[in-house]
Amino acid sequence: MILSEKCILCNSEVSDHQTYMNNKKRFVRTTRYQGIIDVLLDTKMFSSVHFDHDTELSNPYREIAYHLRSALQKESGKGRGKHCKWPDIVGIKGDICDIIIEEERHPNGLKIRKNLDIITQCNYLWTNGRTYNLNNPTLFILIDDTTEDPTSVKEKIGYFSKAIVCMKNDFPEMFERYYIRNEGTITMNKIDETTKAGGKSQMDEDAEDVLNFVGTKIPGEIVREARRLGCNDTRFIYKNNEYGPKGMPCASIGAKPTPFRNERNMEQSKVQLSDGYVVFRSPSSKD
């Protein structure tokens, strides 16, 4: 008697076990990164996304994600000797690498700690023949199979603003919370409460110069001014008319950062700051 198995790709009966296993491996290669990459691409915040390892995804996938090997480095420059770690997925904005994602299918505590130590000491990314700066990026380590609850969030670790360890299935929620929103609403509420009480918030006192996602240096006083107006992500403060390779900025007041699709909405939503810097209010938000 020949036992049949359901094909994981088409759900039809497969009597040959080897065919079944080959189809299963192909399914794993197809889906390993697809859900993660889709989360990044759906935000429309990245100029490109690079992913590594064997995969059945088209290249480029959705015209933005490329099957390219990347290397994290402590020192800028070309050469395999400078490479410290090859991340699974990276998200790039103009000249800046802003997010690093490692997927661990067979994790253990020692391996996770080792990856954290190596990755967070790097501040350059080499990929596709060029070097990108890391500007306080976010690191996600995604756990694919474990019997323990792995969720942890570390702030300001090495050269990274955050390092999040979580289950792979929880990535969309954790990405929304710690990358998109970055708990900005909570922070802005605290600023409002302090202002109403007649005081100065710690955020105002501590605001420093930052690089926006196109690599423009934004002075600390401009950062404070934008935050008081409700900007929830300082990477989307711009020098007027300097909006990156696609020429369209993201709104960061009144909603999660969302790119504009037409110049009319963009100009109507522009909020002027000092010294020629601007920030944008979401058209759907109330003034």
Side-chain angles (χ1 to χ4, degrees), residues 43-48 91-99 123-125 131-138 155-156 159-162 178-196 199-287:
T43 67
K44 299 183 175 15
M45 294 172 62
F46 299 94
S47 52
S48 68
I92 293 170
K93 296 177 177 179
D95 295 325
I96 302 296
C97 176
D98 203 51
I99 188 168
N123 52 10
Y124 297 98
L125 177 86
T131 300
Y132 294 84
N133 291 323
L134 301 183
N135 179 35
N136 294 316
T138 301
E155 301 273 353
K156 296 181 179 179
Y159 291 103
F160 283 62
S161 62
K162 288 183 182 63
Y178 289 104
Y179 186 84
I180 298 292
R181 287 192 288 121
N182 198 20
E183 304 202 290
T185 302
I186 296 173
T187 302
M188 290 311 303
N189 286 342
K190 290 180 179 178
I191 292 174
D192 291 341
E193 290 170 5
T194 305
T195 303
K196 289 175 183 177
K200 243 185 180 181
S201 72
Q202 188 65 39
M203 182 172 285
D204 283 339
E205 295 285 359
D206 293 344
E208 299 178 350
D209 296 355
V210 300
L211 289 178
N212 69 6
F213 95 101
V214 296
T216 303
K217 184 177 180 180
I218 310 297
E221 59 269 23
I222 302 299
V223 172
R224 289 194 292 272
E225 186 179 348
R227 283 172 173 165
R228 291 192 189 101
L229 293 171
C231 174
N232 56 41
D233 194 328
T234 57
R235 293 170 300 179
F236 301 103
I237 303 170
Y238 303 91
K239 197 73 175 174
N240 194 27
N241 295 323
E242 296 179 8
Y243 306 137
K246 294 188 177 181
M248 298 298 281
C250 285
S252 58
I253 297 178
K256 67 182 182 181
T258 306
F260 286 93
R261 296 183 180 278
N262 64 73
E263 292 188 6
R264 181 179 178 183
N265 280 348
M266 179 190 78
E267 290 298 329
Q268 291 175 344
S269 303
K270 184 184 292 185
V271 178
Q272 297 287 344
L273 304 173
S274 306
D275 300 327
Y277 293 92
V278 297
V279 70
F280 292 84
R281 185 182 303 277
S282 170
S284 61
S285 70
K286 296 181 180 179
D287 293 337

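Quick caveat: nothing in here was measured; it's all calculated off a predicted structure.
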State, yes or no, whether a side-chain contact exists between [X] and [Y] at a heavy-atom distance under 4.5 Å.
X	Y	value
Met266	Pro249	yes
Arg235	Val210	no
Tyr124	Asn133	yes
Thr258	Ser282	no
Asp209	Pro219	yes
Ile99	Tyr179	yes

Nearest 0.5 Å please: distance from the [atom1] atom of [X] over to the [atom2] atom of [Y].
X	Y	atom1	atom2	result
Phe280	Glu267	CZ	CD	6.5 Å
Ser161	Glu155	OG	CD	7.5 Å
Ile92	Leu134	CD1	CG	9.5 Å
Ile180	Asn232	CD1	CG	10.0 Å
Ile222	Ile237	CD1	CD1	8.0 Å
Leu229	Arg224	CG	CZ	13.5 Å

- Sequence neighbours left out, what passes side chain to side chain contact (heavy atoms under 4.5 Å, CB included) with Thr216? Give chain and number order.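 Partners of Thr216 under the side chain to side chain contact (heavy atoms under 4.5 Å, CB included) test: Asn212, Val214, Ile218, Lys239, Glu242.
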- Message: Test of understanding: with side chain to side chain contact (heavy atoms under 4.5 Å, CB included), list the residues that count as partners of Lys44, not counting sequence neighbours.
- Response: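 Once residues adjacent in sequence are excluded, the partners of Lys44 under the side chain to side chain contact (heavy atoms under 4.5 Å, CB included) criterion are Pro259, Arg261.
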- Any side-chain donor near an acceptor of the partner, Ser274 and Glu225, under 3.5 Å: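 Their side chains do contain a donor-acceptor pair, which is all the 3.5 Å distance test asks for.
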- Query: Looking only at heavy atoms, what is the nearest atom pair of Pro283 and Phe260, with distance?
  - Reply: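 Here Pro283 and Phe260 meet closest at CG-CE2, 3.6 Å.
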- Query: If you look at every heavy atom in Gly94 and Tyr132, which pair is closest and at what distance?
  - Reply: O-CE2, 3.5 Å
- Message: Checking Asn123 now: which residues fulfil side-chain hydrogen bond (donor to acceptor under 3.5 Å, both in side chains) with it, not counting sequence neighbours?
- Response: none
- Message: Going by side-chain hydrogen bond (donor to acceptor under 3.5 Å, both in side chains), name the residues that satisfy it together with Asn240, two or more places apart in sequence or in a different chain.
- Response: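 With neighbours one apart ignored, the set is Tyr243, Lys270.
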- With sequence neighbours left out, what residues match Glu263 under salt bridge (charged side-chain N to carboxylate O under 4.0 Å, His left out)? none
- With distance as the sole test, does Tyr277 use its side chain to make a donor-acceptor pair with the main-chain N or O of Val223 at under 3.5 Å? no
- Sequence neighbours excluded, every pair satisfying ring-ring contact (aromatic ring centres under 6.0 Å, His included) that has a member inside residues 218-237: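 Qualifying pairs: Phe213-Phe236.
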